[in-house]
Amino acid sequence: MDAGLLVLRLVAGLLVAGHGVQKVSYRLGGHGLAGGTEEFRHDGFRGGRLTAVVAGASQIGAGLFLAAGLLTPLAAMAAMGVMTVAGTVKWPKGLWVQNDGYEYPMVLVVVSGALSLTGPGRWSLDHALGITPWPLWIVLAAIVLGPTSGLLTRLVLHRVPTTSERTPHAQAAD
């Protein structure tokens, strides 16, 4: 069981961290901070550069902590939060990833929540530091607060596009 949890933590955590690296650098196919900033603006977020930096840093930190099994419920909460935001962007396109849907962010949210529930296993920093198992109330709070914080972030940072940013089709409908 510990080997399976290690593999799951490493894969999910490093994918979340890699998602963040793409937002703020040219590594892993990213387009640098300017590209990350433009991506957030295109997706309807206000805040520009700061939004890209905070999102990228959150994904990198959450992913690395999750991969290491360190402060697992808190790392899972942060991963669920940022990937819930990603899911909200893709929501209008439906579930399936081949249509640029929310399937992939949803899988990372669910895996992060499951890791919070199961704990990181013996091959983790939580175990090495003697801070596992986590109390159930912390785990449940993390599972609720992660996606909730993502939804609130989307709500707070969402901006209505100006007329010049809208598509010609949307403008014609006005």
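Only this structure's heavy atoms are used, side chains among them; waters, hydrogens and symmetry mates stay out.
Here the CD1 atom belonging to Ile138 is positioned 12.0 Å from the CD1 atom belonging to Ile143, to the nearest 0.5 angstrom. The OG1 atom of Thr118 sits 9.0 Å away from atom CZ of Arg9, with the distance rounded to the nearest 0.5 Å. Interatomic distance, CD of Glu38 versus CG of Asp43, reported as 9.5 Å (0.5 Å rounding). Here CG of Leu108 is found 9.5 Å from CD of Gln59. Values are rounded to the nearest 0.5 Å.
Residues Val109 and Pro147 share a closest heavy-atom pair of CG1-CG, 4.5 Å. A pairwise comparison of heavy atoms in Gly69 and Ser124 identifies O-CB, 3.7 Å as the closest pair. Residue Ser149 comes nearest to Gly146 through the heavy atom pair OG-O, 2.7 Å, listed as atom of the first residue, atom of the second, then distance.
Taking hydrophobic clusters as Ile, Leu, Val, Met, Phe, Trp and Tyr residues chained together by side-chain heavy-atom distances below 4.5 Å, Leu8 shares a cluster with Val107. Leu70 and Leu6 fall into different hydrophobic clusters, defined by Ile, Leu, Val, Met, Phe, Trp and Tyr side-chain heavy atoms under 4.5 Å apart, directly or through other members. When the side chains of ILVMFWY residues are joined at heavy-atom separations under 4.5 Å, either directly or via intervening members, Val21 and Leu33 end up in a single hydrophobic cluster. In the hydrophobic cluster analysis, where Ile, Leu, Val, Met, Phe, Trp and Tyr join through side-chain heavy atoms closer than 4.5 angstrom, Tyr104 is grouped apart from Trp96. Hydrophobic clustering keeps Leu157 apart from Leu155 (ILVMFWY residues linked when any side-chain heavy atoms are closer than 4.5 Å, directly or through intermediates).
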List the atom pairs, with distances to 0.1 Å, where a side-chain N or O of residues 73-91 and a protein N or O form a donor-acceptor pair under 3.5 Å, not counting sequence neighbours.
unit_1, atom_1, unit_2, atom_2, d
Thr84, OG1, Met80, O, 2.6
Thr88, OG1, Val85, O, 2.6
Lys90, NZ, Asp100, OD1, 2.6

Can you list, pair by pair, the side-chain donor-acceptor contacts under 3.5 Å of residues 125-136, counting residues two or more places apart and other chains?
unit_1, atom_1, unit_2, atom_2, d
Asp126, OD1, Leu71, N, 2.6
Asp126, OD2, Thr72, N, 3.0
Asp126, OD2, Thr72, OG1, 2.8
Asp126, OD2, Trp134, NE1, 3.0
Trp134, NE1, Ile131, O, 3.3

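Every residue meeting the side-chain contact (heavy atoms from CB on, under 4.5 Å) condition with Val11, not counting sequence neighbours, appears here in chain and number order: Val7, Leu15. For Arg46, there are no salt bridge (Lys or Arg N to Asp or Glu O under 4.0 Å) partners two or more places apart in sequence or in a different chain.
Using a 4.5 Å cut-off on side-chain heavy atoms (C-beta onward), Gln22 and Arg27 make no contact. For the pair Thr153/Val156, no side-chain contact is recorded, criterion being any heavy-atom separation below 4.5 Å from C-beta on. Using a 4.5 Å heavy-atom threshold, the side chains of Met106 and Leu95 count as touching. Between Leu5 and Trp123, every side-chain heavy-atom pair lies at or beyond the 4.5 Å cut-off. At a threshold of 4.5 Å between non-hydrogen side-chain atoms, the residues Ser112 and Leu66 count as touching.
Hydrophobic cluster membership for Leu50: Val54 (Ile, Leu, Val, Met, Phe, Trp, Tyr linked by side-chain heavy atoms under 4.5 Å, directly or transitively).
Applying the ring pair (Phe, Tyr, Trp, His ring centres under 6.0 Å) test to residues at least two apart or on different chains, the pairs with a partner in residues 20-42 are Phe40-Phe45.
Here the side chain of Asp2 pairs a donor or acceptor atom with the backbone of Arg122 at under 3.5 angstrom. No side-chain donor-acceptor contact under 3.5 Å links Arg49 to the backbone of Ala34.
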